[in-house]
Amino acid sequence: MNERFASIREEILNGMNQQTSSREVYEFRKLFMDSKTGKIGQLMKEMKNIPPQERAEYGKSVNELKEWALAQFEEMDTRMKAKEMEERYASEKLDVTMPAVTVETGNLHPITQTRNQIIDIFAGMGFEVFENKEIENDYYNFTALNTPKDHPARDMQDTFYLSPEFLLATQTSAAQIHAMETKELPIKILAPGKVFRSDDDATHSPMFHQMEGLVVDKKITLCDLKGMLDVFVKKIYGEETTTRLRPSYFPFTEPSVEVDVSCFECGGKGCKLCKGTGWIEILGGGIVNKKVLENCGIDSEKYSGLAFGIGIERTAMLKYGINNIKLLFESDLRVLSQIDDN
Ligand code: DAH
């Protein structure tokens with residue numbers, strides 16, 4: 001019996017040096033310690049075959065062997081794990097003094113940022129986005145909007161005609177007609193889009209962006225327009241800003257208004273930005289002309305509407321202090337990277 005114990009000890013001692021990882025130590029340990037198949041486990045099981053008078057002595061020896069073996073495995077396991085940790089540290093060495101790799105992140109274009117901000121503000125007042133077309137026909141862009149054949153806006157000087165019938169949209173107002181033709185009443189839409197005009201100077205570009213707003217419901221008045229625009233200007237230009245409506249003319253609204261915002265640069269005292277007047281013109285709007293409602297089959301006795309058109313470049317230029325519209329189209333990162341509101 002003693003020989004058997006001695007041979008197990010020797011086997012463990014010899015085997016120990018051959019283990020190269022904590023995983024191997026674990027497997028090696030199992031060969032001895034597993035309660036069913038391990039060599040020491042089996043010695044325990046054999047207890048019942050030992051004559052009773054020798055049993056106590058036998059049990060003591062097996063326990064001694066077991067404890068010795070456990071200590072051996074424990075020590076080996078600790079050594080292996082320490083070695084493995086060191087290897088891992090060496091292979092994953094990190095130099096915290098190395099300069100960091102800077103990852104350049106882009107940002108949305110100022111026009112996109114401004115468009116998103118405008119949409120967010122009006123979405124908060126219950127408007128839904130309605131898609132615009134870039135190519136329109138004469139009817140949607142002009143006729144249905146009460147812009148007669150001899151109106152100067154139809155002039156070749158202003159409009160890019162693709163054919164006698166089709167043209168590049170000159171205003172997002174065409175979306176009003178599409179919305180009124182296709183949507184159920186009441187309507188509350190915001191239609192962003194690209195528009196095109198033969199116009200080119202420091203504040204005009206042949207292609208620019210507009211955002212059309214249209215509400216058609218019962219009892220819509222100019223007060224609704226002013227209320228909504230007040231919310232809009234406060235969110236875009238700051239809480240102190242207010243609006244002022246001036247009479248104007250657009251064929252598709254009656255009455256029509258130009259909307260001014262109190263100068264957010266000087267607070268209304270008069271400065272370069274507001275040309276000394278304390279007010280800055282920001283958009284056009286009005287009450288939808290009854291003729292326009294009727295062109296779309298809407299009963300103008302029961303329903304009324306408000307409409308407004310916002311120039312997105314103009315809004316962005318005022319908000320970010322950009323004095324030339326070309327800066328918004330040149331894709332110069334020195335300019336674009338300065339504007340990041342999102
Ligand atoms: N369509 C006009 C333009 O391009 C802007 C405009 C004015 C839109 C008044 C409107 C409005 O909806 O009611 O100059």
For P51, all residues meeting side-chain contact (heavy atoms from CB on, under 4.5 Å), sequence neighbours excluded: Q53, E54

Plane angle bin for F264 and Y237 - parallel if under 30°, tilted between 30 and 60°, otherwise perpendicular: parallel

R314, CZ atom: more than 12 neighbouring heavy atoms under 6.0 Å: yes

Nearest-0.5 Å distance that lies between atom CG in D260 and atom CG in L245: 8.5 Å

Proximity of F308 and F122 rings by center, below 6.0 Å: yes

Hydrophobic cluster identity match, L65 and Y58, side-chain contacts under 4.5 Å: yes

Main-chain N/O of S22 paired with K81 side-chain donor or acceptor, under 3.5 Å: no

E57, CD: over 12 other non-hydrogen atoms inside 6.0 angstrom: no

Inter-residue atom distance M76.CE - N17.CG, 0.5 Å rounding: 6.5 Å

Closest non-hydrogen atom pair between G193 and N132, with its separation: CA-CB, 4.0 Å

Distance-only side-chain donor-acceptor flag, E212 / Q176, under 3.5 Å: yes

Any side-chain donor near an acceptor of the partner, S205 and E313, under 3.5 Å: no

Any side-chain heavy-atom pair of F196 and P206 under 4.5 Å: no

Main-chain N/O of P251 paired with N146 side-chain donor or acceptor, under 3.5 Å: yes

E84 bridged to R88 by N-O distance under 4.0 Å: no

Working for salt bridge (charged side-chain N to carboxylate O under 4.0 Å, His left out), residues K218 and D299: CA-CA 10 Å; K218 290 178 178 150; D299 184 345; over 6 Å; no

Sidechain-backbone polar pair: T241 side chain, V233 backbone, donor-acceptor under 3.5 Å: yes

E27, CD atom: more than 12 neighbouring heavy atoms under 6.0 Å: yes

Exercise: identify the closest heavy-atom pair between G305 and I220: C-CG2, 3.8 Å

Residues K326 and D332 bridged, charged N to O under 4.0 Å: no

More than 12 heavy atoms from other groups under 6.0 Å of CD on E86: no

Parallel, tilted or perpendicular, as decided by the 30° and 60° cut-offs, for the rings of F73 and F28: perpendicular

Geometric class of the F252/F250 ring pair [parallel <30°, tilted 30-60°, perpendicular >60°]: parallel

Beyond-backbone contact of I135 with K133, side-chain heavy atoms, under 4.5 angstrom: no

Interatomic distance, T147 atom OG1 to Q171 atom CD [nearest 0.5 angstrom]: 6.0 Å

Euclidean distance, N289 CG relative to L145 CG, rounded to 0.5 Å: 10.0 Å

K302 NZ: over 12 foreign heavy atoms closer than 6.0 Å: no

Polar side-chain atom of D34 near backbone of G41 as donor-acceptor pair, under 3.5 Å: no

Whether over 12 other heavy atoms sit under 6.0 Å from K194 NZ: no

Criterion side-chain contact (heavy atoms from CB on, under 4.5 Å) on V292 and I177, from CA distance to verdict: CA-CA 8 Å; V292 176; I177 308 300; 3.7 Å; yes

Exceeds 12 heavy-atom contacts within 6.0 angstrom, atom NZ of K66: no

Test item: Q113 side-chain N/O and I339 main-chain N/O as donor-acceptor pair under 3.5 Å: yes

Joint hydrophobic cluster, F208 plus I310, side-chain heavy atoms closer than 4.5 Å: no

OH (Y26) with more than 12 external heavy atoms under 6.0 Å: no

